[in-house]
Protein chains: 2
Amino acid sequence: MTERAPMAERIMEAADRLFYQKGIRAVGVDAVAAEAGISKRSLYDTFPSKDALVAAYLRQRIQPFPASDLPPASQVLALFDQLFMRFAIGDFRGCPFVNAVTELAEDCDAARAIALDYKNERRRHIAGLLTQAGASNPDTLASQVTLLIEGAIASMQVRQDPTVATQAREAATVLMRAAGATVSP
Amino acid sequence: MTERAPMAERIMEAADRLFYQKGIRAVGVDAVAAEAGISKRSLYDTFPSKDALVAAYLRQRIQPFPASDLPPASQVLALFDQLFMRFAIGDFRGCPFVNAVTELAEDCDAARAIALDYKNERRRHIAGLLTQAGASNPDTLASQVTLLIEGAIASMQVRQDPTVATQAREAATVLMRAAGATVSP
DNA sequence: GGGTGGGCACACCGATCTGTGTGGAAACGC
DNA sequence: GCGTTTCCACACAGATCGGTGTGCCCACCC
């Protein structure tokens, strides 16, 4: 148990690259082991099954939202700027959680639970910011902003045009202004 | 060639059910043949490969937007009502085009082309309606309305809560009003 | 230096995948 | 009645899937 951490760590890095880029169903366990530079046997000594590996991959994709000293409305709009930058990089392949639910289809229960955790947390985070910004209906508005984010992601995946992020940003601005939130010019 | 039509037809019905509900990668050719009540040999006599079958499945999913005598803004909002009804049925599994692009990942070129055809046609259709409604920026607004549609679909797939459609509808109403379109109360 | 254990290479299992080849049984036209 | 076409049942090919069993080697610890 000296430093088994690098073991699981390397596996997760490889799984993240492969699962996200090529798809969960399209990537076999052998490919993950090869990408990680370890044997399949070692992989199965660390994760009991591919399902467990997939679950770990998804859980690792959940990262907390960093605190910021920007005005709350700007923080919401910054989400779209971050989206735009991720779109422009070129290796964007959609939302890993939505993709997992789509790919796993009838076996997506575990994946959906993890996806729900993330989406709920993000919506609560946005609702908090909108409350600070003085929006009259922060919960509904947070859902609508979330819809724009998800829509931009889905549209980007088929259109491959990063400007959908800026269009979503403008729509979010209109919605926030209409809800009485103070958004900087 | 007497009545081979029912042959391809039955295959397409089976493929549509299976591919949409269980996923393209998760459904084998044998399963499609069994669901269609034909032999695998007959399937391969009609479609040369699974790829061709998938392409036909996607192409068949493109249906023209029916004409309507409702006011144009109401026609746009009616899209969200239709979405809500499809969500409430219970067998909703996302947008087949986005799902195909997601599932096929690195081999999604053909699927993406078909998906683009559909999405572009829908956006043009919406832009036309918004022009009739007197929106000041029909093209951008059509993109934003599309974002709300795609977002509602993606959110529905993980949250399984049909009310996302009504939230999207309300957001679309706000955006259309802000763009100067005449939308009935 | 001798033991111990973690990791690897490799072979293997049964199942499933796409795609093909074949023989025979119905249904049809003449 | 006969030939032709259509389709099915079935077996097969080669590859890949998730998952396991085994034996060896090398590094580390005492």
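Order of the sequence lines fixes the chain letters, A, B, ..., with proteins taken first and strands second; residue numbering starts at 1 for each chain.
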Student: For Asp45(A) and dT20(D), what is the distance between atoms CG and P respectively, to the nearest whole Å?
Tutor: 10 Å
Student: So that I can tick it off, tell me whether Arg25(A) and Glu103(A) are bridged by a salt bridge, with the cut-off set at under 4.0 angstrom between side-chain N and carboxylate O.
Tutor: no
Student: Report yes or no: does Arg10(A) contribute a side-chain atom to a donor-acceptor pair with the main-chain N or O of Ala36(A) at less than 3.5 Å?
Tutor: yes
Student: For Arg41(B) and Ser49(A), take the nucleotide of DNA chain D holding the closest heavy atom to each; which residue's nucleotide lies nearer the 5' end?
Tutor: Arg41(B)
Student: Lys50(A) side chain: which of dG19(C), dG19(D), dG21(D) is closest?
Tutor: dG19(D)
Student: Counting side-chain heavy atoms from C-beta on, which of dC8(D), dG18(D), dG19(C) comes nearest to Tyr44(A)?
Tutor: dG18(D)
Student: Would you jot down, in residue-number order, the residues of residues 102-115 of chain B having a non-hydrogen atom under 4.0 Å from DNA chain C?
Tutor: none
Student: Using every non-hydrogen atom in the two residues, find where Ala154(B) and Glu150(A) come nearest and quote the distance to one decimal.
Tutor: CB-CB, 4.2 Å
Student: Quick one: Phe47(B) CZ to dT20(C) P, roughly how many Å, whole number?
Tutor: 15 Å
Student: Take atom CG of Leu43(A) and atom P of dT20(D), then tell me their distance rounded to the nearest Å.
Tutor: 12 Å
Student: Do any N or O atoms from the side chain of Lys50(B) and from the backbone of Ile24(B) form a donor-acceptor pair under 3.5 angstrom?
Tutor: yes
Student: Any heavy-atom pair between the side chains of Lys40(A) and Val32(A) that's under 4.5 Å?
Tutor: no
Student: If you take any heavy atom closer than 4.0 Å to DNA chain D, which residues from residues 13-40 of chain B end up in contact?
Tutor: Gly37(B), Ile38(B), Ser39(B)
Student: Evaluate the side-chain proximity of Val27(B) to Gln21(B): yes if any heavy-atom separation is below 4.5 Å, no if none is.
Tutor: no
Student: Can you say whether the rings of Phe92(A) and Tyr20(A) are parallel (under 30°), tilted (30 to 60°) or perpendicular (over 60°)?
Tutor: perpendicular
Student: Who are the side chain to side chain donor-acceptor pair (under 3.5 Å) partners of Gln167(B), not counting sequence neighbours?
Tutor: none
Student: Of the nucleotides dC8(D), dA9(C), dG19(C), which one has an atom closest to the side chain of Arg10(B)?
Tutor: dC8(D)
